[in-house]
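Okay, structure first, notes after.
Naming convention: chains lettered A, B, ... in sequence-line order (proteins, then strands); numbering from 1 in each chain. Computed from a predicted model, the values in this text were never measured in an experiment.
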Amino acid sequence: MPAQLPKTYDPKGVEPRIYQMWIDGNYFHAKVDWTKRSFSIVIPPPNVTGQLHLGHAFDNTIQDILVRVKRMQGYSAVWVPGTDHAGIATQIKVEENLRKEGKTRHDLGREAFVELVWEWKRLHGGRIIEQLKTLGSSCDWERERFTMDEGCSRAVREVFVRLYEKGLIYKGSRIINWCPHCATAISDTEVEYRAQHGHLWNIRYKVSGSDEVLVVATTRPETMLGDTAVAVHPEDERYRHLVGKTCVLPLVGRVIPIVADSYVDPSFGTGCVKITPCHDPNDFEVAARHGLEHVLVMDGAARINENGGQYKGLTREEAREAVLRDLEAGGFLAGVEDHDHNVGVCYRCDTLVEPIISSQWFVKMEPLAGPAIDVVRDGRMKFVPERFTKTYLNWMEHVRDWCISRQLWWGHRIPAFYCDDCGHVTVAREDPTACEACHSAHIRQDEDVLDTWFSSALWPFSVFGWPNETPELKYFYPTTVVTPGYEIIFFWVARMIFSGLEHMGDVPFHTAYIHGIVRDDQGRKMSKSLGNGIDPVEIIDAYGADALRFTMVTGNAPGSDMRFYHERCEAMRNFGNKLWNAARFVLMNLHVDTWELPEELAMEDKWILSKFNRLVPDVTENIENYEVGVAAQKLYDFLWDDVCDWYIELVKPRLQGGDAARRSSAEQVLVAVLTGALKLLHPFMPFITEEIWQALPHEGPALMVAEWPHPDERLNFPVEEADMERVMAVIGAVRARRAEMRVPPAKKARILVVTTYRAAFEEGRASLMKLAGCSEVEIRETPPEDVKGLVALVTDSAQIYLPLAELVRVADERARLEKERRTAETERAKLSAKLANQGFVDKAPAAVVEAERARLDKLDSLLRKLSDSLAALPPEDEPS
RNA sequence: GGACGCUUAGCUCAGCUGGUAGAGCAUCCGCUUGACGUGCGGAUGGUCAGCGGUUCGAUUCCGUUAGCGUCCACCA
C-alpha cells in the first residue's frame with residue numbers, strides 16, 4: 001500500500017491482483033509430504049456447465065475457510081476442485097440448444113451428439129471454475145478433475161465391474177420412476193413429492209357369471225387399461241366368497257382374477273383394489289405374489305400404447321378424460337370423491353413421474369448399507385450438526401435398490417455387452433471384442449449410461465487416482481471433511497459413504513459438515529421460475545468477495561437456512577472498510593519497517609494484547625468445532641470494538657505525543673495486534689487481509705502461507721486488563737452522562753476521579769483526557785468537601801465529579817443517583833440471596849461461586865460510592 | 001403416518017458443555033473528533049412462544065401444547 005491510500009477499500013482493484021499473486025506463488029498446491037499432517041477436502045463438484053449460485057458461494061466459503069486455516073497451521077492441506085458431468089442437466093441443455101436449429105439428438109446420432117456435448121463442455125465448462133476463483137477459493141487447481149475425465153471414468157468402470165462380479169449390480173425388470181420429459185428412468189432419490197388435490201373415482205367391475213359388482217377406487221383411472229386383477233383383503237367377509245372368481249375389466253373386456261392379498265386395506269375406499277402390475281410398485285408386488293399377468297399400457301412418452309386398444313396414442317391426461325367419459329357412458333362409474341394425495345415429480349424438470357415397469361440396472365443396497373450404518377453409529381464418521389445423523393440413518397436403514405441406468409447418451413456408458421447369439425452378458429473392464437461365453441463377435445454394448453451420482457459417489461477416491469494405489473490416495477484418503485448442503489445428503493453423502501467403505505475399506509471423510517440453503521429476503525427458495533435468484537458475481541462486483549464470504553458464514557447457525565440480504569453484505573463490506581481504515585491509520589503512523597514487541601508496555605497495550613491472546617485459542621477452537629460463524633463474529637467484534645473503537649483511540653495521544661519511546665511502542669503493538677488479527681481473519685476475508693498484510697512490516701511471502709497464531713503465556717495480563725477496563729468504565733460513564741445532558745463535545749470539562757485504584761487512573765489519565773472530553777483530570781482517594789454544582793457519576797471502582805454547574809439541578813441529580821441505587825440494590829438483593837442459598841454455595845462450581853462473590857463485592861463498592869455521592873449532594877436548589 | 005427443526009429487541013438472526021440476554025439493520029439524540037460519515041459517541045427496545053418437570057440455578061436440559069417450516073414414507 002502506498003502512502004496515499006484511498007479512504008475506501010476497493011475490492012475490484014485488489015482481488016484479481018491478490019488472487020494472481022497466490023497463483024504465482026503456487027500456494028494452493030499441496031504435496032504429499034509425510035513430514036506434515038494431511039488435511040483434505042474434495043469439492044462437491046458443481047455441474048460442469050452450470051453457473052455459480054449462492055449455494056456454491058456458501059459451501060465454497062466454508063471449505064475455503066477450513067482449508068486456509070489448516071494450511072496456515074502447517075498441514076499439507078489440499079482442496080481438490082472439479083466438476084460433474086451432470087448427465088441429465090447437461091444433456092438437456094445441449095438438446096435445447098439443438099432444438100433451436102430444429103434438430104433433436106436423434107438427428108445427429110449418438111456419437112455426434114456426445115461429441116457435441118463435449119464441445120459444449122469445452123466451451124462453457126470453465127465458467128463455474130472461473131467464478132469459484134473470484135470467491136477466493138484456494139483450490140489446488142493442478143488437481144482439478146472432471147467426473148468424465150479418463151481417471152474418473154476408469155474408476156467408474158472398475159466399480160461397476162467389481163460390484164457386478166460381487167452380484168451387487170444386477171439388471172432386472174422392476175417398477176421404476178420414469179420421467180416422460182427426460183425420457184429416462186430416475187432413482188427414488190430423484191423423485192420429489194408434491195401434495196395435490198385430486199379425485200378418487202369408484203369404478204364398477206362386474207363379477208363374471210354373477211350379478212355382483214365390485215367397486216374399486218382409484219386416483220388414476222387411465223391405468224385400468226393395464227389391470228390384471230382385483231384384490232381384496234383375505235379376511236374381508238364382504239368379498240371372501242368372490243376370491244378365486246373373476247371379473248370383467250370395463251371398456252377392455254378382459255377377464256381378470258379376484259385375488260386375496262393382505263396388502264389391501266379393507267377400511268380404505270370400498271376395500272377392493274384394482275391391480276395394475278406394470279404401473280404401480282405395490283401392484284407389482286401383488287402381481288408377483290399371485291403370478292398375475294403384466295400388461296404395459298404406456299410408452300416412454302407416457303402415451304397409451306397398443307395394449308390400450310382404442311386409447312392408443314393418447315397422453316396420460318387425455319387417456320384419463322377419455323376413459324372417464326367412456327366409463328360414465330357405460331355406466332361403470334359409481335361415483336367420485338375429492339381426494340388429496342401426493343404425486344411424484346422429477347427433481348430436474350418437475351414433470352409428473354410415471355411408475356412403470358422397465359428393465360434397468362440396479363445396485364443392491366442391503367449389503368452396502370450395513371457398513372454405512374455402522375460407521376456412523378460407532379462414530380467413525382460424524383455429521384455436523386449432529387441431528388443429520390438421524391436423517392441419514394433413517395434413509396440408509398430403509399434404502400431400496402438404487403436404479404443406476406439412465407436412458408441418456410451423456411454419461412458413463414454401461415460396460416455391459418449383450419451377445420446376439422447366446423444372450424450372455426459380458427461385463428468387463430476393457431471393451432470386449434467377443435462374447436465371453438460363446439466367443440461370438442456379435443455383441444452389442446448396453447445403450448444406457450449411469451446415473452451421474454454413480455460417479456460422484458466415488459469422488460473422494462477417484463480424484464486421487466483410484467483404482468491405482470497412488471501416494472495421494474494413501475496420504476489424503478480418507479478426506480477430513482465434506483461440506484454439502486442438506487439437500488444432497490442422500491444423493492451424494494450417503495453414496496460416498498457406502499462407496500468409500502466398499503472400495504477403499506474406509507470412510508470417505510471423517511466429518512460431513514452440513515449446511516442449509518440460501519433463501520431470498522422473503523425466505524423463499526431461489527428458483528428460476530420465481531426469478532428471485534441472486535447472482536454471486538453481481539454481489540462480488542458490488543461489495544467484494546470478502547463481504548460476500550463474511551455474509552455467508554455469519555449470523556446463521558450450522559445446518560440451518562439463511563436469508564440473503566443486501567444489507568448484510570453492505571454491513572460486511574463496511575466491516576472490511578473499517579479494517580482498511582484501521583490499517584491505513586497504522587501505516588500513516590508507522591515509522592519502522594520491522595517490528596517486535598517492546599519491553600515497556602503501557603496499560604492499554606497489555607489490555608489489547610491480553611484480549612488478543614485469548615481470542616486466538618477461542619477462534620481456533622470454534623473453527624475446529626465447525627463453529628465458523630461464531631469465530632467470525634468474535635473477530636468482527638475484536639477488530640471493530642476492541643481494536644478500532646478502543647485501542648486505536650487509546651494510543652492516539654502516544655502516537656501524537658512527543659515521547660518517542662512511548663510512540664514507538666504503540667506502533668509496535670498496533671502492528672503486532674493488527675498482524676495477529678489479520679492472520680485469524682484471513683481465512684474468512686482472504687483478499688483484504690492479504691492486501692493489508694503485504695503493506696505492513698512482515699516476514700514471508702504471503703499472509704496465506706503465514707503461520708497461524710498461537711497463544712503466548714507471556715501476553716496474559718489479567719491485572720492490567722482489569723485496570724484498563726476500570727478506566728474504560730469511567731470514560732463510558734462520562735460520555736453517557738455528557739450525551740444525556742447534551743453537553744457539546746467541544747465543551748471540555750475538568751473531572752474529578754475518586755478511586756482507590758490510583759495507579760490505574762494515573763496511567764489512564766491521558767486516555768480520560770482524550771476520550772472523556774476532559775480539560776483536566778484530578779485523581780484523588782477521598783471525595784471533595786463541596787460537590788455543589790458537580791455532577792456525580794459512579795462506577796464500581798470510582799466516583800466521578802463533573803463540574804457542569806449551569807446544567808446541574810440538584811434534585812435531578814439526586815433522583816438519578818437514587819434510581820441507580822435502586823437498580824443496584826435490586827441486583828444486590830438477588831445476588832446475596834443466591835449466595836445465602838446453601839444449595840448454591842455447596843453445589844455450584846467453586847469458580848462460579850467465586851465469580852458471584854466478586855460481583856457482589858463490586859456491587860457493594862458501587863453502592864457505597866452511590867451513597868457517598870448522595871450524601872455529599874448539597875441541599876436542594878432554591879426553586880427559581 | 002413417522003422424524004426433525006424453528007418460535008429470543010420493530011425486522012433478520014447469533015447465543016459452545018445450564019451460572020448477570022447479544023449482533024446487524026431500523027428508530028431516537030448528538031458529532032466535520034487529523035484512519036474511516038461504508039464513520040464516531042450516546043440512547044430506546046426482550047416475563048428468550050405457553051404450561052409443567054429436573055436443578056442451588058433453565059433462553060439453554062427433559063416432557064407437553066400451540067403456530068410455522070423441512071425431510072421421509074405413501075392406502076389404491
Side-chain angles (χ1 to χ4, degrees), chain A residues 5 7-9 193 200-201 216-220 223 231 263-276 280-283 339 341-342 344 385 387-388 390-391 394-395 398 486-487 489-490 516-517 521 523 543 547 551 554-557 559-565 567-568 570-589 618 621-622 625 627 629-630 632-633 636-637 644-645 648-649 652 656 731-732 735-740 742-746 770-771 773 827 830-831 834 837-845 847-849 851-852 855:
Chain A
L5 293 173
K7 285 165 88 168
T8 51
Y9 170 64
Y193 289 91
L200 197 59
W201 285 276
V216 304
T218 181
T219 54
R220 303 205 49 199
T223 64
Y263 149 73
V264 180
D265 175 2
S267 65
F268 186 90
T270 58
C272 298
V273 186
K274 59 192 268 313
I275 300 298
T276 321
D280 181 286
N282 292 309
D283 292 6
H339 181 71
H341 60 139
N342 286 331
R387 73 181 122 97
F388 290 107
K390 208 163 176 177
T391 310
N394 183 55
W395 186 81
H398 297 103
Y486 57 68
E487 75 278 8
I489 290 177
F490 307 141
I517 61 172
D521 57 3
Y543 306 106
T551 303
T554 52
N556 90 301
S560 55
D561 294 351
M562 66 180 305
R563 294 195 194 194
F564 186 87
Y565 286 91
E567 290 86 340
R568 278 174 37 73
E570 212 175 300
M572 296 312 147
R573 177 209 50 189
N574 294 354
F575 172 58
N577 194 236
K578 185 72 182 174
L579 177 63
W580 176 257
N581 277 289
R584 216 160 59 93
F585 174 81
V586 172
L587 287 165
M588 284 165 74
N589 286 284
D618 272 11
E621 194 187 327
N622 284 136
N625 294 333
E627 296 154 353
V630 177
Q633 188 63 49
Y636 180 100
D637 292 342
C644 291
D645 289 347
I648 286 181
E649 295 304 324
K652 274 182 182 171
Q656 287 146 12
I731 292 168
R735 278 174 172 174
R737 190 71 187 117
R738 287 176 56 114
E740 220 175 288
R742 313 276 156 81
V743 181
K770 168 113 173 98
L771 301 182
E827 210 174 320
K830 268 198 277 185
L831 200 52
K834 192 173 186 179
N837 182 339
Q838 201 56 40
F840 173 71
V841 179
D842 291 348
K843 296 183 182 177
V848 172
V849 178
E852 297 293 65
R855 223 179 102 212

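- Classified by interplanar angle (parallel below 30°, tilted 30° to 60°, perpendicular above 60°), the ring pair A/F388/A/Y486 is parallel.
- For A/V848, taking side-chain heavy atoms from C-beta onward, the closest of the listed nucleotides B/rC72, B/rG19, B/rA76 is B/rG19.
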For nucleotides 25-33 of chain B, list the nitrogen or oxygen atoms of the protein found under 3.5 Å from its nitrogen or oxygen atoms, one pair per line.
residue, atom, partner, partner atom, Å
B/rC29, O2', A/R742, NE, 3.2

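- Looking only at side-chain heavy atoms (C-beta outward), A/T223 and A/K274 come within less than 4.5 Å of each other.
- Contact annotation for A/V841: no contact, since no heavy-atom pair falls under 4.0 Å across all strands.
- In this structure, A/V273 and A/F268 have side chains that are not in contact, with every pair of non-hydrogen atoms separated by 4.5 Å or more.
- An OP1 or OP2 oxygen of B/rC36 is reached within less than 4.0 angstrom by no side-chain nitrogen or oxygen of A/K578.
- Residues A/T554 and A/F575 have side chains not in contact (no heavy-atom distance under 4.5 Å, counting atoms from C-beta outward).
- Comment: A/R855 engages A/E852 in a salt bridge, judged by a side-chain N to carboxylate O separation of less than 4.0 angstrom.
- Judged by distance alone, the side chain of A/N394 and the main-chain N or O of A/K390 form no donor-acceptor pair under 3.5 Å.
- Residue contacts shown for A/T219 are limited to sugar-phosphate atoms, with no base heavy atom under 4.0 Å away.
- Using a 4.0 Å heavy-atom cutoff across all strands shown, A/R855 reaches at least one base atom of the nucleic acid.
- At least one side-chain heavy atom of A/R735 sits under 4.5 Å from a side-chain heavy atom of A/L771.
- Between B/rA76 and A/H339, a contact under 4.0 Å exists linking OP1 or OP2 to a side-chain N or O.
- Using a 4.0 Å heavy-atom cutoff across all strands shown, A/I648 reaches at least one base atom of the nucleic acid.
- Between A/Y9 and A/W580, the angle of the ring planes lies from 30° to 60°, which puts this pair in the tilted group.
- A gap of 27 Å separates the P atoms of B/rA49 and B/rA43, to the nearest Å.
- Going from atom CZ of A/F490 over to atom P of B/rC72 covers 6 Å, rounded to whole Å.
- Within 4.0 Å (heavy atoms only), A/F388 reaches no atom of the nucleic acid at all.
- Stem analysis of RNA chain B (at least three stacked-register Watson-Crick or G-U pairs, each with both distances under 3.5 Å) gives B:1-7 with B:66-72, B:10-13 with B:22-25, B:27-31 with B:39-43, B:49-53 with B:61-65.
- One can place NE2 of A/H398 at 14 Å from P of B/rC4, the figure rounded to the nearest angstrom.
- Contact check for A/K7 versus A/R584: side-chain heavy atoms found under the 4.5 Å cut-off.
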(request) Spell out protein contact along nucleotides 9-16 of chain B as letters: B when the base is contacted, S when just the sugar-phosphate is, - when no protein heavy atom is under 4.0 Å; keep the 5' to 3' order. (result) ---SSSSS

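- A/N837 comes within 4.0 angstrom of the backbone, heavy atoms only, and of no base.
- For A/L587 and B/rC36, the CG to C1' distance is 14 Å, given to the nearest whole Å.
- Counting any heavy atom pair closer than 4.0 Å across all strands shown, A/C644 reaches a base atom.
- Between A/E827 and A/L831 the shortest side-chain heavy-atom distance does not fall below 4.5 Å.
- Distance CZ/A/R387 to OG1/A/T391: 8.0 Å, rounded to 0.5 Å.
- Heavy atoms of A/D645 sit under 4.0 angstrom from primed sugar atoms or phosphate atoms, though from no base atom.
- Using a 4.0 Å heavy-atom distance criterion, A/A582 is classed as a base contact.
- Side-chain N/O atoms of A/Q633 and A/D637 include a donor and acceptor closer than 3.5 Å.
- No contact: A/E740 has no heavy atom under 4.0 Å from any strand.
- Phosphate contact (OP1/OP2 of B/rA76, side-chain N/O of A/K274, threshold under 4.0 Å): absent.
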